[in-house]
Amino acid sequence: MNEQKIILFFMILSMGITIFLSNWKTKKEVEYKKDERWQLIKNKANDAANQSNYILVLVLAIGQIISINCDMEITITITRLFIYGMYFVGLRNAIELFALRYYDNQI
């Protein structure tokens with residue numbers, strides 16, 4: 001039961017970050033009128049968020065190598081896989097949100 005509460009908490013947090021990111025980016029685009037500065041900020045933040053994709057690929061490759069070399073079976077359900085996917089999307093959006101806010105204050 002506690003595991004379901006934790007999953008629900010992180011799902012709500014991920015969805016909240018995603019919705020907030022979308023609204024905040026829309027508000028800033030109207031405020032900055034899509035000028036070059038805003039485009040530069042978005043590009044830098046997107047580059048920072050894309051680093052999480054490279055980390056995911058690296059973790060998956062290491063996991064694959066370990067599972068090939070060790071005699072162990074890992075069973076994962078499709079539901080759990082989707083949950084982890086949503087966690088990853090929420091984490092990526094959180095990274096993009098914090099990078100946007102950081103670069104907005106820096107530039």
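Listed here is the closest heavy atom pair of A99 and A48: CB-CB, 4.0 Å. S52 and I95 make their closest contact through CB-CD1, 3.9 Å (heavy atoms, listed as atom of the first residue, atom of the second, distance). Closest approach of L21 to L100, counting heavy atoms only: CD1-CD1, 3.7 Å.
Between M86 and T18 there is no side-chain heavy-atom pair separated by less than 4.5 Å. Residues K5 and N2 are in side-chain contact: their nearest non-hydrogen atoms beyond the backbone lie under 4.5 Å apart. With a 4.5 Å cut-off on side-chain heavy atoms, L97 and N93 do not count as touching. N53 places a side-chain heavy atom less than 4.5 Å from the side chain of N50. Between Y32 and Q39, the closest side-chain pair of non-hydrogen atoms is not below 4.5 Å.
I65 is not connected to I62 by any chain of hydrophobic side-chain contacts under 4.5 Å among Ile, Leu, Val, Met, Phe, Trp and Tyr, and they are in different clusters. Taking hydrophobic clusters as Ile, Leu, Val, Met, Phe, Trp and Tyr residues chained together by side-chain heavy-atom distances below 4.5 Å, V59 does not share a cluster with Y84. Clustering ILVMFWY residues whenever any of their side-chain heavy atoms sit less than 4.5 angstrom apart, transitively, puts I78 in a cluster other than the one holding I83. By the criterion of side-chain heavy atoms lying less than 4.5 angstrom apart, applied directly or through intervening Ile, Leu, Val, Met, Phe, Trp or Tyr residues, V89 is not grouped with V57; the two fall into different hydrophobic clusters. When the side chains of ILVMFWY residues are joined at heavy-atom separations under 4.5 Å, either directly or via intervening members, I66 and L56 end up in two distinct hydrophobic clusters.
More than 12 heavy-atom neighbours from other residues, nucleotides or ligands sit within 6.0 angstrom of CZ on R37. Under a cut-off of 6.0 angstrom, the local environment of CZ in F20 is crowded, with over 12 non-hydrogen atoms contributed by other residues, nucleotides or ligands. More than 12 heavy atoms of other residues, nucleotides or ligands sit less than 6.0 Å from atom CZ of F88.
At least one donor-acceptor pair under 3.5 Å links the side chain of S67 to the backbone N or O of Q64. Using a distance-only test at 3.5 Å, with no hydrogens or angles considered, no donor-acceptor pair links the side chain of N46 to the main chain of K42.
In this structure, the separation between CH2 on W38 and NZ on K33 is 14.5 Å, given to the nearest 0.5 Å. Here the straight-line distance linking atom CD1 of I68 with atom CG of D71 works out to 12.0 Å at 0.5 Å rounding. Rounding to the nearest 0.5 Å gives a distance of 12.0 Å between CG of L60 and CD1 of I55. L40 CG to D35 CG: the interatomic distance, rounded to the nearest 0.5 Å, is 10.0 Å.
In this structure, Y87 and F10 have perpendicular ring planes: the angle between them is above 60°, well past the 30° mark.
Judged as a salt bridge (charged side-chain N to carboxylate O under 4.0 Å, His left out), the pairs with a partner in residues 9-28 (not counting sequence neighbours) are, in order, K25-E96, K28-E31, K28-D104.
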